[in-house]
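Okay, so here's the structure we're looking at.
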Amino acid sequence: MMTKRAGLKLATAFAALMVAGTAHAAEKLRLLTWADYAPKDVVEQFTKETGIEVEITLSNNEEMISKLRATQGAGFDLVQPSQDRIAGPQAEFGIYKPIDLSKLKSDLFIGSMLEATKKNTTIDGKVYGVPHIWGTDGLIVNTKAAPAVADYNDLCAAAVAGKSSFRAKRPALIAFAFANGMDPFAAYKDVKAYAALMDKVGAKLQECKKNVKFFWDGKDQLLNALRSGEVVAAMAWDTGGWKLNSENPDIKFIAPKSGALGWVDTFALPAKGRNDDAAYKWINFNMRPEIAAKVAAAAGNFTASNGADKLMQGKLKDQFAESFPKAAIDNIKWYPAVPAGLEEIEGKVLDRLKAGS
Amino acid sequence: MKPAQRLTLFLLMAPAILWLGLLIILPHVEILILSFSERVAPRVYQFGLGNYLEFFTEPLYWRTFARTAIMSILVTACTLVLAFPIALYIARVAQGRLKAMLLLMCLLPFWVSELVRTLGWMILLRETGVVSYVLQSIGLASQPVELLYNDGAVILGLVYGGLLFMIVPLANALESLEPSVVEAGFDLGGSRWTVLRRIVIPHAMPGIVAGSIIVFMLTVGNFATPVLLGGKNGLWFTEQIYAQFITRFNWPQGAAFGMLLLMLSSIIVWAGLRLSGQSLGTTLRQA
Amino acid sequence: MSSSTDLEIINVIKRFGSYNAVDGVSFSVAQGEFFSILGPSGCGKTTLMRMIAGFEDPTSGDIRIREKSMIGVPANRRPVNMVFQSLALFPMMSVGENVAYGLTCRGVSRAEADKRATRMLERVGLKGFGDRRVTALSGGQRQRVAIARCLVLEPTLVLLDEPLGALDLKLREHMKIELKQLQAMFNTTFVYITHDQSEALVMSDRIAVMNQGHFEQVGSPRELYNNPQTPFVASFVGETNRWSGETASASGDAVTIRLPSGATVQGKGQAGKAQSLCFVRPEAIALGTDQASLGNAANRFEGRVSAVLFDGANSSLLIDAPGFEKPARAVLPQAGPLAGIGVGAPIHFGWATDSMKVFAA
Amino acid sequence: MSRPSLLWKFYIAAFYIFLFAPLLVVAVFAFNASPFPSPPWKGFTLEWFIGTGSVFGKPGVLMDPIWLTTILNSLKVAVPVAVLAVVIGTVNAWLLERAEFPGKTLFAMMMLWPLVIPGVILGISILAFFSRLANGLEDFLQTDIDGLRPGLMLIVLGQLSFILTIATLIIAARLRKFDRSLEEAAFDLGASRTRVLRTVTLPFLSPALVGAGLVALLMSFENFNTTLMLVGSDPPLPITMYGQMREGATPAINAISLLVMVAVGGLASLFALTSKGDR
């Protein structure tokens, strides 16, 4: 009897699921993006205006590319990789499709940023990405516990032994290269030179490793560690630093002496997206100043939308001003597009870093 | 066989053929092929041993591999030592309801997701965690102690995860030992130790082999526990495979690593069976 | 007994690979008869029965029930029902559901099937057991349910495959009688398979003795016991003394045989050219304290009691005598001058020529 | 063995504490009124289950669409896996125990194989193969088949690849105990083949079928290694938990874990109940 009833319940649950699955036949935009880039109220407003539902998957650069690589560019209608991660993977795997710029209202973008991004994401004369959100990588420092930290190399100083952190990802390699007087971007063209440079950076990081509490992975993981004092100095995104700064004024985001790293996250179309119209609508909708301001506030970063900064809250502006004096802004190192093949070199250095002891 | 019967048999075999063919055999053929393809230029691949050469020439990779293998063997041995007294107790001392309850209590934690168990260990071991807190409050430590993110934590987590798969086959094997045989051992003048060594352990051998093989396989193929509990110095080989596939987009290299891991686990399983003279079928049934 | 035949087996052969499990068997069973097939395990009797039930197809030959050939008719369409060795009662159903099962399969309505099942249970002495679980029954009750389950379908033929094998001795003795009574009450034709000669002898109207795929002899229990036609039947049916020796002389059916240890015995039957087998039933052996008490039996010997095998009515004596390489077995006298005889006592024994069956070796 | 020594008993007790300690802390800290699942104890709260997010900045798991969708995703995988495992497992068990065909020993060996393959490798091999299959079909049919790309469908297939072995073994073990004369008896009493299957064979197998279904459900629900490689845009529960754990533990993960434990406990006792009828 028991079994019969259990079976019946299972069957009904199953049927209900199937019905629920098919009921949603409305037009849909499948968006692969970063945390906080599509806040709830913005999505709701978009759905109200256009009738298009937005299905959001959160991810990071590597996972975005690997998902698209696994599907050959299927499964999503719009993705948001960083601008330097478009040309290389496109050449290797063909996972994006060109953007039809005529469908975008280009005056919504900050002109110089749009041009720079277009330049970086152009292959064979076709543009594959337009800018959305930008920000920097620098140092988050608990100025009370670690007052001396001013550059990436200081993370390896004895003063913060066991209490520093960075991500075992490519920004760390680039950052430490600059901090040690090298110019990795200049070496992009020459694979051999780049490999040699990376080996040097790897050795430096290897040395630094004993100082590191852990290689952080997720933003919240690092922020929690900084809040609890397990970590006092870390290489991280500006936005996290400003968020903590609002909670605890001792914790500050600092533009390192050797320069913050500037990144731009973009909009790009996956090769097998099914709803390009919705994707263009979402881009245009998002670049409207009032929407862009909302998104920027949620993400804690800046937007490539023209005029949105006038609408943003004062607090973030103040924090930015504190972290970035004029010289520091000029010193921001913007990532150029990564040529295909370099990531393998970096990958191995990172693997060694993570595995070696 | 009549044609109708043959058709029925074929129809009944179809799901199994589809299952084994599409989900097991062909995918393995695919990664075998993939592991032999070398990238020469964007979107251009050719047949070659490059991915395997890479493994043997890059110390990072084979060291991770060796480390994973050695630690898995260590974990298996620890699990065996920890589990044996428990299995012996369940099989030979506990009676009736106590026995059923002890066994059930062993089973329960293992039906809960591995991630939940790992989360528990993280809460216990981390610097701001329970153990550190208790040590401080009873005065055994003056400042927070970090017990997480090291090899010890990984071994602990893996041993914990393997216990059930050791206890059940061991208890099954020990159960079948005639009490009179043990009594005869004592009667003929054996000490506790000699009886254990000469009678009980040899009898439990099939269970020991079955348990060890299963624990080894689960350990070597584990992913979440080493990633979550391990520190900045330790990489598990499955992490390498994952990294090649997911963060490096280098499927051929990941496929080669996969084949190597498959070979490692097959060889160790085979060697274990060979050394102890057991067969896979009976071993798995034992478990 | 009616003269119409319910079952007719015509030259049935069943081959598994190159092995003939059933090797050209023919017989017929009359309506209402209790027919047994007796043979050692592996003789092919189960295969034969499974062919009658429809679980196996004969390689050649014909099986007819009431004149209708059953070749190609599946088991669920034959007017034959079977009581399985394991009884095969359905553990997931109650007693009543077990009995009604076949009826519902035939499309009889639930209510009608229940009614008939209840009536049938009453007839086999299981009134009020309908709602019990089959696991809650005793061995004998289970037996009766298994038979009721067949009889309720009013089959032409009921096949029974050693159904008493799993019962203990006392119950088995009891069930033998009960089975016979049930069969008489329903007047249904029974074909019964067993390797236990006493079951066959007690219950059957006729018995076929089967060996290595073929029938050795078919006859009434008495015929088989008293007039075995082959050495196999002689040794398989009932207790017997068995010796083999050289044919010393033969005239007509009177044969003299010299045993290897030297004794000479006389019997009747077909002697072999050089070697013969001879059989004497223990109850045919006369015992006495002296030569004279054996009367004029042709075979008379003197020996000593080597063992007393006391088993109530089946008790026997083993006697060692010069000239016999194996001890002779005789019924233990429990009255008269020899009552209370012990091991080592001297004894005279003998038998008449007619009591010893001789076959060519 | 003679009477157990005190040391031995002490060890047994310590062992069971060791066994349950992690689960216990997970459960306890789901109710701690603190943003971190760690001591000290800051008071009892249900905020992590049914909170609206006003207290800790994150809503309770039962109010959070992220957790609700992920549970729904898990069900969308687990239910088809369980149903398919039972249906195909029954057919496979029949092949193993009843059918005679050439290559049966090989077949039986092959069936055990998935248990020896590490889950990550099952995942990558299925990912790689289906990716090639989808690419091939795309060239051929000029359309992309979603089901062959990472996603729920592929997760179902990936989990099925080894859960089927387990389901088959459970059902085959029960089928081996089945007295075939029961089927013959039913057939002999006039039942058709389908009727025999319906009234005799399946009722006998039903404890094993329910058991295999529950085991499949549980295994699917907690599978991580294989699923990780095949996940698309809709992650099942373990994947979401893993992601959140890497972000740093919050009591929300404890809360969801406790719910999982309660659900698993419920299913396991259901299984224990059904398998009792087995004996």
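Please read these numbers as outputs of a predicted model, since none were measured by experiment. Sequence lines set the chain letters: A, B, ... in the order given, protein chains first and strands last, and positions in each chain run from 1.
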- Message: Is the distance between the ring centroids of Phe101(D) and Phe107(D) under 6.0 Å?
- Response: yes
- Task: Please find out if less than 6.0 Å separates the ring center of Tyr89(B) from that of Trp8(D).
- Result: yes
Per-residue contact mode, [X] against chain D (heavy atom under 4.5 angstrom):
X	result
Ile86(B)	both
Phe257(B)	neither
Met105(B)	both
Ile167(B)	side chain
Leu32(B)	neither

- Item | Inter- and intrachain pairs under side-chain hydrogen bond (donor to acceptor under 3.5 Å, both in side chains), touching residues 28-37 of chain B, at least two apart |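 Passing the test, one end in residues 28-37 of chain B: Glu30(B)-Arg132(D), Ser35(B)-Tyr52(B).
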Using non-hydrogen atoms only, which part of [X] is less than 4.5 Å away from chain B: side chain, backbone, both, or neither?
X	answer
Ala27(D)	neither
Met110(D)	both
Leu19(D)	both
Phe221(D)	neither
Phe29(D)	side chain
Asn223(D)	neither
Ser131(D)	side chain

- Ranked by heavy-atom pairs below 4.5 Å to chain D, first place among Thr238(B), Ile241(B), Ile246(B), Leu163(B) goes to Leu163(B)
- Is there a donor in the side chain of Gln159(D) and an acceptor in the side chain of Thr227(D), or the other way round, less than 3.5 Å apart? yes
- Query: Taking atom types as modelled and ignoring hydrogens, do the side chains of Glu114(B) and Thr225(B) form a donor-acceptor contact shorter than 3.5 angstrom?
  - Reply: yes
- Item | Nearest-0.5 Å distance, CG of residue Leu112(D) to CG of residue Leu169(D) | 6.0 Å
- Message: In terms of relative ring orientation, are Trp121(B) and Phe18(D) parallel, tilted or perpendicular, with 30° and 60° separating the classes?
- Response: tilted
- Query: What is the ring orientation for Phe224(D) with Tyr242(D), classed by angle as parallel under 30°, tilted 30 to 60°, or perpendicular over 60°?
  - Reply: tilted
- Report the C-alpha distance between Thr240(D) and Thr70(D) in whole Å, list the side-chain angles of each, state the deciding distance to 0.1 Å, and finish with yes or no for side-chain hydrogen bond (donor to acceptor under 3.5 Å, both in side chains). CA-CA 7 Å; Thr240(D) 311; Thr70(D) 199; 2.5 Å; yes
- Task: Considering only heavy atoms and a distance below 4.5 Å, find which of Ile124(D), Leu267(D), Val120(D), Thr168(D) pairs most often with chain B.
- Result: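 Highest number of pairs under 4.5 Å: Ile124(D).
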- Query: What residue, out of Leu228(D), Ile256(D), Val260(D), has the most heavy-atom pairs lying under 4.5 Å from chain B?
  - Reply: Leu228(D)
- Item | Check ion pair Lys177(D)-Glu97(D) (N to O, under 4.0 angstrom) |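 Between Glu97(D) and Lys177(D) there is no salt bridge, as every charged N stays at least 4.0 Å from the carboxylate O atoms.
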